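Single-structure report; data block below.
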Amino acid sequence: MDAISIIRTKRDGGALTPAQIDWVVDAYTRGTVADEQMSALAMAILLNGMDRAEIARWTAAMIASGDRMDFSSLDRPTTDKHSTGGVGDKITLPLAPLVAACGAAVPQLSGRGLGHTGGTLDKLESVPGWRARLSTEEMLDVLREAGAVICAAGDGLAPADRKLYALRDVTGTVESIPLIASSIMSKKIAEGTGALVLDVKVGSGAFMKNLDDARELARTMVGLGKDHGVRTVALLTDMSVPLGLAAGNALEVRESVEVLAGGGPADVVELTLALAREMLDAAGLPDADPARALADGSAMDHWRRMITAQGGDPDAPLPVAREQHTLTAPASGVLTALDAYAVGVAAWRLGAGRARKEDPVQAGAGIELHARPGDTVTAGAPLLTLHTDTPERFEDALAALADDAVAVTPAEGPRSVSPARP
Ligand code: URA
């Protein structure tokens, strides 16, 4: 078996055999197949696709590249959620403790920010003392103590994906449905959850920009989950405007705590409850009432226990960025545009995300929204506040918000207008 003939097969539109897939994934993980060969293969897969049998085998080979976790010692059913990534998508933070408060165990392996999309681990690291890296034993201890754990995947879990994902990120090969589906599902299946709810984002701020692609990704992932005995369902949810009123690490933790305290923006509460119901249903707990667990404080109690068990202080003040800059409504009217991708890029440029893999993120950086599309605004009222520790970043962030990404349509006028630059 050799890498060049495998690359040629896919380059010429052929289907890879199970033996070819097993060999190339294993050889790449061990370092026998070089990065440049795997990037050529990833590009051929992006351009020519894979059929169902190839995707299933590729996923199985990625799972087999590492360890599988086992939660069978827990006395509750396990259930998990995965979002394909968006702007202001902090749902995991209130959702995991909420579902735990309803009687399930939530072993949530999460990731860091990717491009313009935020990462759950980066957000939680703004809580003083909180640790993302746990051993398997520590993970089980937190699950027993709090019913939910949110942490980084250990090095032994789907190592083929870790290597391939980093390569795809720098070779323009992220946006391939077979590669995204196998990447996400290999980690979730290896994690050992009994049930899985996929939140497949669609819109400008998501990796899938249109409904057809999002549907195909959802169907592919649900099929893979079922093949491996994981009860899997998918929701397609809108990512054309940011979720809630905050995008950025500590800003999103603050909003999540508001939701756990019974408040928070309506769209965040609605999606949290919808996903909680699906997770509980898939875990065999259809009668649990997540709305009650939010209202009676039990979800907040599980959040506090989870944060404390991972070394964090749930009462510590969250970091605040050193500098703020507010954009105001240029006219009275209705906010008609607030583009998720533009807000995500602006938050990223303010320091909420990374330019390179090894960069640190700023805990306080990001964007606070004061209005949502459809809201009536008056001239001079705040629309967005930009937060950063490094004010030289404002210019770049404002450039991302230009070109009608944010627009107010005046009540009396025919044309929408964007907030003025400073
Ligand atoms: N998230 C993943 O884990 N993998 C992808 O390929 C895309 C998003």
Side-chain angles (χ1 to χ4, degrees), residues 25 28-29 38-39 41-47 49-50 54-56 58-63 65-66 69 80-87 89-92 107-123 132 150-191 193 196-209 213-214 216-225 228 230 232 234-237 239 340-341 344 348 353-354 357:
V25 171
Y28 179 61
T29 310
M38 190 48 116
S39 32
L41 181 58
M43 186 57 83
I45 292 171
L46 181 138
L47 295 173
M50 288 207 277
E54 287 176 287
I55 300 173
W58 188 275
T59 307
M62 300 236 285
I63 296 167
S65 72
M69 301 189 76
D80 192 4
K81 183 269 314 193
H82 184 86
S83 156
T84 55
V87 179
D89 185 359
K90 71 280 297 171
I91 301 292
T92 294
Q108 175 86 49
L109 297 181
S110 294
R112 301 202 172 270
L114 180 68
H116 70 282
T117 66
T120 299
L121 301 180
D122 294 331
K123 294 171 198 182
I150 302 176
C151 62
D155 292 341
L157 196 113
D161 178 63
R162 181 164 311 106
K163 241 183 126 176
L164 180 56
Y165 194 83
L167 187 72
R168 288 168 54 216
D169 200 20
V170 293
T171 54
T173 51
V174 171
E175 297 90 345
S176 149
I177 289 174
L179 293 177
I180 295 177
S182 55
S183 164
I184 291 174
M185 293 307 291
S186 61
K187 286 175 288 207
K188 290 293 163 185
I189 293 163
E191 169 197 287
T193 184
L196 176 65
V197 176
L198 297 161
D199 182 8
V200 179
K201 298 288 185 202
V202 55
S204 75
F207 290 119
M208 297 293 115
K209 308 289 181 201
D213 286 348
E216 190 188 335
L217 177 62
R219 282 203 187 106
T220 307
M221 291 196 290
V222 168
L224 288 170
H228 287 267
V230 181
T232 309
L235 304 187
L236 301 187
T237 67
M239 188 31 72
Y341 179 70
W348 179 25
R354 300 175 178 76
K357 217 162 59 221

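Just so you know, ligand 1 is whichever comes first in the structure, and atom 1 is the first atom listed for that ligand. One-based numbering along the sequence shown. Since this is a predicted model, take the numbers as computed values, not measurements.
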Side chains of [X] and [Y]: is there a donor and an acceptor less than 3.5 Å apart?
| X | Y | value |
| --- | --- | --- |
| Lys201 | Ser83 | no |
| Ser186 | Asp161 | no |
| Thr92 | Lys81 | yes |

the protein heavy atom lying closest to atom 5 (C) of ligand 1 turns out to be Tyr165 CE1, 3.1 Å
Could you find the nearest protein heavy atom to atom 1 (N) of ligand 1 and give me its residue, atom name and distance?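 Heavy-atom neighbour on the protein nearest atom 1 (N) of ligand 1: Ile184 CG1, 3.8 Å.
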Please identify which atoms of ligand 1 are closer than 4.0 Å to at least one heavy atom of [X].
| X | value |
| --- | --- |
| Ile180 | 6 (O), 7 (C) |
| Arg168 | 6 (O) |
| Ser183 | 2 (C), 3 (O), 4 (N), 5 (C), 6 (O) |

Residues Arg219 and Glu216 bridged, charged N to O under 4.0 Å: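 No, no charged N to carboxylate O under 4.0 Å.
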Can you find an N or O of Lys187 that's nearer than 3.5 Å to an N or O of ligand 1?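 Yes, there is a polar N/O contact under 3.5 Å.
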Arg168 side, atom CZ; Leu46 side, atom CG - distance, nearest 0.5 Å: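 One gets 8.5 Å once the value is rounded to the nearest 0.5 Å.
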Take every heavy atom of Val174, measure it against each atom of ligand 1, and state whether any distance is under 4.0 Å. no
Report yes if the side chains of Ile150 and Thr120 come closer than 4.5 Å at any heavy-atom pair, otherwise no.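 In short, these two side chains touch, coming nearer than 4.5 Å.
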